[in-house]
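Values below: all heavy atoms of this structure, side chains included; hydrogens, waters and symmetry mates excluded.
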Amino acid sequence: GCSAGQSSSHRCGDATKPALNNFPSDLHSAGWIGSGVSDKVIRRKVKFAGLMAECALPLVSRSTRTRLRAVMTMKQLVQTMKTGELRLEDAPVPTPEDRFALVRTTASVVSAGTERMLVEMGEKSLLGKAMARPDLVRKVIDKARREGIRKTMQTVEARLSGPSPLGYSAAGVVEQAGSLVPGLRPGDRVACAGAGFANHAEFNVVPGNLLARIPDRVSDEEAAFSTLGSIALQGQRLADPKLGEVFLVIGLGLLGQLAAQLLQANGCRVIGFDPADIMVRRAEEIGVRASTDAEAVRSLCLDETSGHGVDV
């Protein structure tokens, strides 16, 4: 089931489902598998519906199989791109391969910009989607030239109609680590990154290179922002700020706020612009000189630099 129930904090589904801490012995004690079926036989079959299911499902009754499958499922937020519908559905708990780890999610960040864009994209008509993403249209045309129109349309229909996971920045607890994931073991708290990996789901399978252990002084909620922080940090690295330089940050949303704090930590002075009053006030609270008025920001830039203008 969920990493063979290795943790007593097993949270697949509701609280009435027992945590299988000593799998498969707990299946016997829970009355789900008769005592006549040996542990060795139960462990023989490992894969079921793409996940670790350390049990021989064909050896047990239909009602028992139904209960076992319930334990091996999780809740996940998905979107259908064809209609834009968002729904919380049951999905099988994924299985980690050698270079991946199974993580039980404790906090997941909703990215207001990126995920709102995806929701709005899903609500558009097919023509609206094409106009919003001409790059994807070009890929579809190229595929049609290579593989034919019929096969291409079948692929597009399957992609639009199937469930797409949401989320890309989260934190959680390692339930199972692959053999090629060094330095992590069950029980470790980790920050998770990556679209398609750090999903809004109870459990995620994440590559080892997209996981980072969380320091004791950092909460799970804070660590869940690590992916967004790394995006802002990469922008700073590309800008190559120097001590004492003046930076203008245009857009003081979540990434803009993080970028401003990273620049300040690097010894830079920061000026900000955003049309939203609330974003400007938040930036001012951390020492950024900011305004919602473009001309006022221009004056701030000249004033802060004795008329020379900002460095970046």
Side-chain angles (χ1 to χ4, degrees), residues 105-121 166-172 189-195 197-200 206 209-312:
T105 306
T106 56
S108 187
V109 173
V110 176
S111 176
T114 301
E115 296 184 69
R116 182 174 60 187
M117 177 195 69
L118 291 173
V119 171
E120 292 175 349
M121 173 73 75
L166 296 174
Y168 63 90
S169 190
R189 295 190 306 131
V190 290
C192 314
F197 297 116
N199 304 315
H200 298 317
V206 187
N209 64 327
L210 294 179
L211 294 170
R213 186 182 283 106
I214 302 173
D216 292 339
R217 66 181 182 279
V218 178
S219 69
D220 289 5
E221 289 75 13
E222 292 169 331
F225 285 85
S226 295
T227 307
L228 295 159
S230 68
I231 295 171
L233 181 60
Q234 177 64 5
Q236 176 176 296
R237 286 171 174 165
L238 293 173
D240 191 24
K242 302 294 190 299
L243 182 67
E245 286 186 330
V246 180
F247 273 70
L248 172 61
V249 176
I250 300 175
L252 296 170
L254 180 53
L255 285 178
Q257 300 281 345
L258 292 171
Q261 293 179 64
L262 288 169
L263 288 167
Q264 289 175 320
N266 203 66
C268 300
R269 290 172 288 166
V270 182
I271 298 169
F273 168 77
D274 196 286
D277 286 329
I278 187 172
M279 297 304 179
V280 168
R281 290 197 298 270
R282 286 179 179 173
E284 289 175 337
E285 289 174 359
I286 59 174
V288 175
R289 300 183 67 183
S291 176
T292 59
D293 181 73
E295 281 301 316
V297 170
R298 181 176 180 275
S299 298
L300 286 173
C301 292
L302 295 175
D303 178 61
E304 191 71 33
T305 61
S306 301
H308 294 288
V310 297
D311 296 290
V312 180

Show the nearest heavy-atom pair for residues [X] and [Y], with the distance to one decimal.
| X | Y | result |
| --- | --- | --- |
| V310 | C301 | CG1-SG, 3.6 Å |
| S226 | S169 | N-OG, 4.1 Å |
| L211 | C192 | CD2-SG, 3.7 Å |
| E245 | F247 | OE1-CE1, 3.6 Å |
| A223 | V218 | N-CG1, 3.9 Å |
| V109 | A224 | CG2-O, 3.3 Å |

For residues 256-271, run the donor-acceptor check on the side chains, cut-off 3.5 Å, and write out each pair with its distance to 0.1 Å, sequence neighbours left out.
unit_1 : atom_1 : unit_2 : atom_2 : d
Q257   : NE2    : L252   : O      : 3.0
Q257   : NE2    : M279   : O      : 3.1
Q261   : NE2    : Q257   : O      : 3.4
Q264   : NE2    : I286   : O      : 2.9
N266   : ND2    : P241   : O      : 3.3
R269   : NH1    : E304   : O      : 3.2
R269   : NH1    : E304   : OE2    : 3.1
R269   : NH2    : G244   : O      : 3.4

[atom2] on [Y] to [atom1] on [X], rounded to 0.5 Å:
| X | Y | atom1 | atom2 | result |
| --- | --- | --- | --- | --- |
| D277 | R281 | CG | CZ | 5.5 Å |
| S291 | R298 | OG | CZ | 14.0 Å |
| N199 | Y168 | CG | OH | 12.5 Å |
| T305 | L300 | OG1 | CG | 10.5 Å |

message = So does L302 get a backbone contact from the side chain of S306, meaning a donor-acceptor N/O pair under 3.5 Å?
response =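 It does not hold such a pair.
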Heavy-atom check, side chain of [X] versus side chain of [Y], under 4.5 Å:
| X | Y | answer |
| --- | --- | --- |
| L255 | I231 | yes |
| L248 | V312 | no |
| V288 | E284 | no |
| L233 | Q236 | yes |
| F273 | D293 | no |
| D303 | R289 | yes |

key: Listed partners of D220 passing side-chain hydrogen bond (donor to acceptor under 3.5 Å, both in side chains), at least two apart   =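 With neighbours one apart ignored, the set is T106, R189.
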